[in-house]
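Here's the structure we're looking at; comments come further down.
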Amino acid sequence: MSKTLVCPICGEPTSSYMGNYRRDRLCKQHATALKNGLIKVVEVGLDEADNKYQIIGIDFNQYQTENIVSLKCIICNQNSNGMHFCRDCYAKYKDRSVDIRITHCFESEILDDYGNLRYKCADGRKVRSRAEAMISDWLFNNNIRSVYEETIYYDGDKTLHPDFYLPDYKLYIEYNELTSKPYLKSKEFTQKIYNKIGLKVFIMTEKDLQDISACLKPLLGLH
């Protein structure tokens, strides 16, 4: 009766599919780890029963250490000390979602920095809120070209992400639905940035949504 051989690291059945005597006595997972240099064979000997070499000792501390160190942040692909996210990405995204594309389980690309694109508009694009969808649909139905969340750079690498940009009017539109003091203070700060860099912005409120035509047509010179 043949003896079932097991992996000396995890005890799982071994595989000889790799075709190398140093990996003949490891399971598939740890054979791959050995091939990639994540574990190291420290001693081999001859198995007299089938005249093949077998692994007697394994330095698997190297596997445990290097496997953790090799893990990278799934958002930015930088070293994360064995965690799913590095400290910077965790601090930035812990209170919101982010859409990323992962290619071949190796390269990651941020598709959307804020996430929550849940509302589909008449022109097919997606926005983050019902109010933004209403504004987008009004612009589309009135044949007004608009760009959603076009990035504005200022003071070097700092950025703004206005809700809409109307290129034919050189006007930015922001929607402000909150009335808390911190949010209003933030909006006031944002308005000062627009003024500083010489850009026009119109900040809409929830009241303006009751009649978007009455709000935007005079502003845009439409009848």
Side-chain angles (χ1 to χ4, degrees), residues 73-77 84-85 88-103 107-223:
C73 174
I74 62 176
I75 293 179
C76 68
N77 204 34
H84 290 301
F85 308 99
D88 290 342
C89 286
Y90 178 79
K92 185 175 182 180
Y93 298 110
K94 65 184 178 68
D95 295 322
R96 66 174 192 252
S97 63
V98 57
D99 296 336
I100 63 174
R101 176 191 290 122
I102 299 177
T103 305
E107 297 179 351
S108 60
E109 174 188 2
I110 296 179
L111 302 179
D112 181 67
D113 206 17
Y114 290 86
N116 302 321
L117 292 171
R118 298 182 297 168
Y119 297 84
K120 190 172 183 178
C121 302
D123 60 356
R125 70 181 167 192
K126 293 183 178 180
V127 295
R128 307 181 196 286
S129 69
R130 178 186 64 87
E132 291 178 348
M134 292 173 62
I135 297 170
S136 178
D137 287 348
W138 186 90
L139 294 171
F140 177 72
N141 292 331
N142 285 271
N143 299 314
I144 298 174
R145 293 193 303 142
S146 65
V147 181
Y148 184 62
E149 291 189 343
E150 179 179 77
T151 302
I152 298 174
Y153 293 92
Y154 71 98
D155 290 348
D157 58 352
K158 296 180 180 179
T159 60
L160 290 174
H161 301 275
D163 296 327
F164 299 97
Y165 173 58
L166 313 185
D168 297 326
Y169 297 88
K170 292 183 172 53
L171 174 70
Y172 293 89
I173 294 179
E174 293 268 23
Y175 175 70
N176 177 8
E177 64 179 340
L178 301 179
T179 58
S180 64
K181 288 185 178 180
Y183 192 82
L184 292 177
K185 186 175 181 180
S186 174
K187 280 295 182 180
E188 181 181 347
F189 177 74
T190 301
Q191 177 73 66
K192 290 181 179 179
I193 295 175
Y194 279 101
N195 295 338
K196 179 181 177 181
I197 58 183
L199 299 176
K200 293 190 301 180
V201 63
F202 178 71
I203 300 178
M204 297 181 64
T205 64
E206 186 175 359
K207 183 179 178 180
D208 295 323
L209 294 182
Q210 298 175 12
D211 193 340
I212 298 178
S213 292
C215 172
L216 291 183
K217 278 190 174 183
L219 179 68
L220 303 177
L222 303 176
H223 301 287

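The chain is numbered in sequence order, starting from 1.
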If you compare all heavy atoms of E150 against all heavy atoms of P162, which two are closest, and at what distance to 0.1 Å? O-CD, 3.2 Å

I need the D155 CG to I197 CD1 distance, nearest 0.5 Å. 8.5 Å

To the nearest 0.5 Å, what is the distance between OH (Y172) and CG (L199)? 5.0 Å

Let me confirm one number: the CZ-CZ distance from R145 to F164, rounded to the nearest 0.5 Å. 15.5 Å

Note: R128-D163 ion pair, threshold 4.0 Å (strictly below): no

Do K192 and K196 make a side-chain contact, defined as non-hydrogen atoms from C-beta onward lying under 4.5 Å apart? no

For A122 against D137, the heavy-atom pair lying closest together: N-OD1, 2.7 Å

For the student: nearest non-hydrogen atoms of K126 and K120, plus distance: CG-CA, 4.3 Å

Are any non-hydrogen side-chain atoms of K158 and Y153 less than 4.5 angstrom apart? no

Would you compute the distance between atom CG of D123 and atom CG of L139 and round it to the nearest 0.5 angstrom? 9.5 Å

Rounding to 0.5 Å, atoms CD1 (I152) and OH (Y194) come to a distance of 4.0 Å

Report yes if the side chains of F85 and C76 come closer than 4.5 Å at any heavy-atom pair, otherwise no. no

Taking every non-hydrogen atom, the tightest pair across V127 and E132: CB-OE1, 3.7 Å

Heavy-atom side-chain proximity of C121 to F140 below 4.5 angstrom: no

Residue E206 excluded, over 12 heavy atoms near CD under 6.0 Å: no

Any heavy-atom pair between the side chains of L171 and L220 that's under 4.5 Å? yes

Non-hydrogen side-chain atoms of L160 and T151 separated by less than 4.5 Å: no

So V201 and N195, do their side chains get closer than 4.5 Å, heavy atoms only? no

Derivation and outcome, side-chain contact (heavy atoms from CB on, under 4.5 Å), residues K170 and Y165: CA-CA 7 Å; K170 292 183 172 53; Y165 173 58; 4.0 Å; yes

W138 vs S213, side-chain contact (heavy atoms from CB on, under 4.5 Å): CA-CA, chis, key distance, verdict: CA-CA 8 Å; W138 186 90; S213 292; 2.8 Å; yes

Taking C-beta and beyond as the side chain, do L222 and I144 meet within less than 4.5 Å on heavy atoms? yes

Shortest non-hydrogen contact from K217 toward H223: NZ-O, 3.5 Å

Looking at OH of Y148 and CD1 of I173, how far apart are the two atoms once the value is rounded to the nearest 0.5 Å? 13.0 Å

